[in-house]
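A short worksheet on the structure shown next.
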Number of protein chains: 2
Amino acid sequence: MLPIEIKHLVDQYIELSFSVNKNGESLVRDQMNDDMTSDQHYTLRYIYQIKSCTPSDLAKKFQVKKSAITAMINRMWKKGWIQRTRDEKDRRVVYLTLTEEGKSLYMKTEERIHHLVSSMLNNFEQEELEQFLCTYQKLQRVLEDINKHK
Amino acid sequence: MLPIEIKHLVDQYIELSFSVNKNGESLVRDQMNDDMTSDQHYTLRYIYQIKSCTPSDLAKKFQVKKSAITAMINRMWKKGWIQRTRDEKDRRVVYLTLTEEGKSLYMKTEERIHHLVSSMLNNFEQEELEQFLCTYQKLQRVLEDINKHK
DNA sequence: ATTAATAGTTAAATGAATGAACTATTAATA
DNA sequence: TATTAATAGTTCATTCATTTAACTATTAAT
């Protein structure tokens, strides 16, 4: 990369990531039922996809302390969306799974989000989109790497 | 866009934006002083760039209600980073500006963030990066548009 | 057998967000 | 002009999200 161009590109990235984030999060919130937040939906999504996980897994995925996960899981557990099961081999470990209500709520909301994202991405040619996602993917690995080695 | 590919691309976008967001926000938080949060830095940044703005401007930019802005500005005002001035023509309006302390704190933190983002973006060839930012920019406009017409 | 480390929770404190009710001021209109 | 609308911002109560520090229980290491 040419040093002379760096500052402008960095500024542009900072501005765009802020703006896309805020606007995107706001639209995602609009798809939620009144009794759930976007973080709670992301939690349902992760557990749904991976079937079962531990609070420690979630803390790593969400980049927060485990006590933050305990608090969120408590709120979702009270609403009947999540189950806790102790590992019989290693009794320190807790497995989190979705209840039937959790699954069905997740699927309904995720469908609305898919619809929203589809309508966003429809504004792009397939090739441009694929190129974009390819670079986005690399960026994701770079960020994961920096986070891993810190 | 070919319908058959859509679902995969949508899934990929959802996963990447989540992951880049969480990892990115976590790294940005690491650049903050202990007495400030990333939202507070973003607020300093916006006011710094635009010199002066109203709470309503901030509410629009951050996509939150005005009462959320009042609360954040109060916290930053208590720390001596922000000034409030009433408009003499229209006495309903409040102008927010940075104090000298606010400016200097902003600049120190922003420098660390620039350094971080530079080291991230250094992993890309200039052309790939420019192409990426171009699409990211389009995406930003699409999101802003959807938000405007809702 | 004792000490370390790991998994998870609890509790107190702070920040961030909303909705509803409120003040003050300005704009619209009958 | 007098009354009514709308706008800008704040306050208050409530909920969610997060951190730090202290804690329990369990397993691993020496």
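Since the structure is predicted, the reported quantities are computational estimates derived from the model, not experimental observations. Within every chain, numbering begins at 1; the chains are lettered A, B, ... in the order of the sequence lines, protein sequences first and strands thereafter.
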message: With no hydrogens and no angle check, just 3.5 Å: does a side-chain donor-acceptor pair link B:Gln83 and B:Thr99?
response: no
- prompt: Heavy atoms under 4.0 Å, any strand shown: does B:Ser67 hit a base, just sugar-phosphate, or nothing?
  reply: base
task: Quickly work out the B:Lys66 NZ to D:dA8 C1' distance and round it to whole Å.
output: 5 Å
- line: Here the distance between atom C1' of D:dG9 and atom NZ of B:Lys60, to the nearest Å, is 16 Å
field: Donor on one side chain, acceptor on other, B:Glu110 and B:His41, under 3.5 Å
entry: yes
- request: Tell me what A:Arg84 touches on the nucleic acid: a base, only sugar-phosphate, or nothing, going by heavy atoms under 4.0 Å.
  value: sugar-phosphate
- prompt: Quick one: B:Met72 CE to C:dA16 P, roughly how many Å, whole number?
  reply: 6 Å
- request: Give A:Thr37 one of three labels, base, sugar-phosphate or nothing, depending on what nucleic acid heavy atoms sit under 4.0 Å from its own.
  value: sugar-phosphate
- prompt: Hey, which of these two, B:Ala71 or A:Phe62, hits DNA chain D nearer its 5' end, going by closest nucleotide?
  reply: B:Ala71
- request: Enter syn or anti for the glycosidic conformation of C:dA24, syn applying to angles within 90° of 0.
  value: anti
task: State whether B:Arg75 places a side-chain N or O below 4.0 Å from either non-bridging phosphate oxygen (OP1 or OP2) of C:dT14.
output: no
- prompt: Can you check the A:Arg91 CZ to C:dA7 C1' distance for me, whole Å?
  reply: 13 Å
- prompt: When B:Ser38 is tested against each of B:Gln31, B:Glu25, B:Arg29 for side chain to side chain donor-acceptor pair (under 3.5 Å), which residue passes?
  reply: B:Glu25
message: Quick one about B:Asn23 and A:Arg141 (side-chain donor to acceptor, distance below 3.5 Å, no hydrogens or angles considered), yes or no?
response: no
- prompt: Are the ring centres of B:Phe18 and A:Phe62 closer than 6.0 Å?
  reply: yes
- prompt: Which part of the nucleic acid, if any, lies within contact of A:Ser56, taking any heavy atom under 4.0 Å across all strands shown: a base, the sugar-phosphate backbone alone, or nothing?
  reply: sugar-phosphate
task: For this output row, return yes or no: ring centroids of B:Phe132 and A:Phe132 closer than 6.0 angstrom.
output: yes
query: Can a side chain N or O of A:Gln40 be found less than 4.0 Å away from OP1 or OP2 on D:dA17?
result: yes
- prompt: Is a donor-acceptor pair below 3.5 Å formed from side chain A:Arg92 to base C:dT6, judging by atom type as modelled?
  reply: yes
- prompt: On DNA chain D, nearest-nucleotide positions of A:Lys65 versus A:Lys89: which is more 5'?
  reply: A:Lys65
task: Name the orientation of the base relative to the sugar in D:dA6: syn if the glycosidic angle is within 90° of 0, else anti.
output: anti
- request: Before accepting this row, confirm whether a basic side-chain N of the pair B:Asp90/B:Arg92 lies closer than 4.0 Å to the acidic partner's carboxylate O.
  value: yes
message: Expressed as a whole number of angstroms, how long is the span from B:Glu25:CD to C:dG15:P?
response: 17 Å
field: Pair pattern of DNA chain D in dot-bracket, where unpaired bases get dots and | marks partners in another strand, Watson-Crick or G-U under 3.5 angstrom
entry: ||||.|||||||||||||||||||||.|||
